[in-house]
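To start, the structure itself, in structure tokens.
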Amino acid sequence: MKKLLAIICVLLVILVGMYLYKTNLLKSNITAQEVEKIEEYISKIYMWQEITEEALPQFDNINNASDIWIWEVVKKNLENYELTYGEIQEKAIEMFGKDFKKQFPKEGSEYIKYQEDIDKYFATGIGLDTLEDMFFIKSIKRTNKGYQVEIVEYLEDYSQAMNIEAEDEIYDIYIKRLNHETVATIKSSEGETRAIEVVKENIEAFTEKTMNLVKDSEGRIYIESVRHLGQS
């Protein structure tokens, strides 16, 4: 019974923390629905450092973004893993909007292979490490074209989870900078809210980026540009 109460208390702390986090964003007259939609979209395009070098690279225009990042975003959001060339391009426009002009290479890519005998492409699996690429939204401002969003990036290192024997065993999670330097340690029982609190407490140690999102006439949002905070 005591264990159950402890779990309930932890869940309540997490829920309250997330409520306060979202409430803070709403102070800029951005609705809760807009926050959720923006967060969902960023999650779809936020990748893996070990595959794309940066989870979210810098670019001044989506057509200048890293090729491997572009096509890994597309691959991550595929509904199936056997596609025609046209289906890949359609997914890219769905993710990046009608201004997206890049063409998927006819020969395929490292993780989307071309099979000539049936003229289709197959998305292949990738091996990920124990580092989880994470972000949280620091602020959102409305612009004439959509939104300007500031995010803070960090890593959560789950390597200690590899050593646990029991499913409910508590282990350390290392909160790291993008260069893999450890800034803080939290317990697996503390939840994502605590990780965000730790990052906020050490905000100067982490990478901050500003992204511009455009919003079309149907209310869909797309990434336009990304830069390090403070750059013009």
Side-chain angles (χ1 to χ4, degrees), residues 33-137 140 143-149 151 153 155-156 158 178 207 209-228:
Q33 290 77 15
E34 286 176 297
V35 173
E36 290 176 6
K37 191 172 183 179
I38 290 168
E39 195 168 39
E40 180 183 6
Y41 178 73
I42 298 174
S43 295
K44 288 181 177 180
I45 66 171
Y46 203 76
M47 298 308 299
W48 306 287
Q49 190 183 69
E50 67 269 37
I51 302 298
T52 59
E53 294 187 3
E54 289 187 86
L56 185 67
Q58 293 187 88
F59 49 87
D60 57 3
N61 181 289
I62 186 60
N63 294 297
N64 297 330
S66 158
D67 283 349
I68 187 170
W69 179 81
I70 286 284
W71 302 116
E72 282 304 294
V73 168
V74 171
K75 174 175 171 286
K76 177 182 178 182
N77 291 278
L78 293 174
E79 287 77 26
N80 62 75
Y81 291 94
E82 180 181 326
L83 306 106
T84 64
Y85 183 87
E87 288 171 330
I88 295 173
Q89 287 296 142
E90 287 174 10
K91 176 57 71 172
I93 292 173
E94 179 185 320
M95 297 308 304
F96 302 121
K98 294 181 180 179
D99 290 335
F100 179 74
K101 304 300 180 186
K102 281 195 174 188
Q103 297 293 312
F104 183 71
K106 291 285 187 180
E107 68 276 11
S109 67
E110 184 175 358
Y111 300 111
I112 306 179
K113 306 289 186 182
Y114 177 60
Q115 188 168 329
E116 187 174 3
D117 58 333
I118 60 171
D119 192 27
K120 284 194 174 182
Y121 295 82
F122 290 86
T124 61
I126 55 178
L128 300 176
D129 57 26
T130 57
L131 293 173
E132 186 85 14
D133 297 272
M134 304 294 293
F135 72 90
F136 76 83
I137 297 175
I140 302 173
T143 66
N144 292 334
K145 297 171 69 176
Y147 307 97
Q148 184 181 81
V149 183
I151 65 168
E153 298 182 287
L155 301 172
E156 291 183 2
Y158 287 86
L178 298 189
T207 301
K209 287 178 182 172
T210 300
M211 54 200 310
N212 288 310
L213 302 176
V214 295
K215 185 178 180 180
D216 70 11
S217 58
E218 297 180 7
R220 292 170 297 197
I221 55 177
Y222 306 103
I223 185 69
E224 180 183 58
S225 63
V226 182
R227 60 181 172 81
H228 275 290

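Heads up: numbering here begins at 1 and tracks the sequence.
Using a 4.5 Å heavy-atom threshold, the side chains of M95 and I45 count as touching. Residues E39 and I137 meet the side-chain proximity criterion, which asks for heavy atoms closer than 4.5 Å. No side-chain heavy atom of M47 sits less than 4.5 Å from a side-chain heavy atom of D133. In this structure the side chain of E34 reaches within 4.5 angstrom of the side chain of K215, judged on heavy atoms. The shortest distance between side-chain heavy atoms of L56 and F135 does not fall below 4.5 Å. Proximity of T143 to L213: side-chain heavy atoms (C-beta onward) are nowhere separated by under 4.5 Å. Taking 4.5 Å as the limit, every side-chain heavy atom of K75 sits out of range of all side-chain heavy atoms of I51.
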Please lay out, stage by stage, how E54 and K209 fare under the test side chain to side chain contact (heavy atoms under 4.5 Å, CB included).
CA-CA 12 Å; E54 289 187 86; K209 287 178 182 172; 3.2 Å; yes
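Counting non-hydrogen atoms of neighbouring residues, nucleotides and ligands closer than 6.0 angstrom, the CD atom of E116 reaches no more than 12 such neighbours. Atom CG of D117 sits in a crowded spot, with more than 12 heavy atoms from other residues, nucleotides or ligands closer than 6.0 Å.
Between F104 and Y121, the ring center distance clears the sub-6.0 Å criterion.
Of all heavy-atom pairs between K102 and S66, the closest is NZ-C, 4.2 Å. The two atoms that bring N64 and D60 nearest to each other are ND2-OD1, 2.7 Å, heavy atoms only. Minimum heavy-atom separation, S43 to K76: O-NZ, 2.8 Å. Contact record, Y41 with F96: OH-CD2, 4.2 Å, taken as the closest heavy-atom pair. For E110 against T124, the heavy-atom pair with the smallest separation is O-OG1, 4.0 Å. Among all heavy-atom pairs drawn from D99 and N63, the shortest one is O-ND2, 3.0 Å.
Between atom CZ of residue F100 and atom CD of residue Q89 there is a gap of 6.5 Å, rounded to the nearest 0.5 Å. Note that CD1 of I221 and CD1 of I42 are 7.0 Å apart. Values are rounded to the nearest 0.5 Å. Going from atom CD of E82 over to atom CD1 of I118 covers 5.0 Å, rounded to the nearest 0.5 Å. Annotation: the span from L78 atom CG to L83 atom CG amounts to 5.0 Å, rounded to 0.5 Å. Here CD1 of I223 is found 7.5 Å from CG of N212. Values are rounded to the nearest 0.5 Å.
N77 places a side-chain N or O within 3.5 Å of a backbone atom of K44 that can act as its donor or acceptor partner.
Taking 4.0 Å as the cut-off between side-chain N and carboxylate O, K91 and E94 count as a salt-bridged pair.
With W69 as the partner, the ring-ring contact (aromatic ring centres under 6.0 Å, His included) test is satisfied by one option alone out of W48, Y46, F59: F59. Only one option out of K120, E90, Q103 pairs with Y85 in a side-chain contact (heavy atoms from CB on, under 4.5 Å); it is Q103.
Side-chain N/O atoms of D119 and Y114 include a donor and acceptor closer than 3.5 Å.
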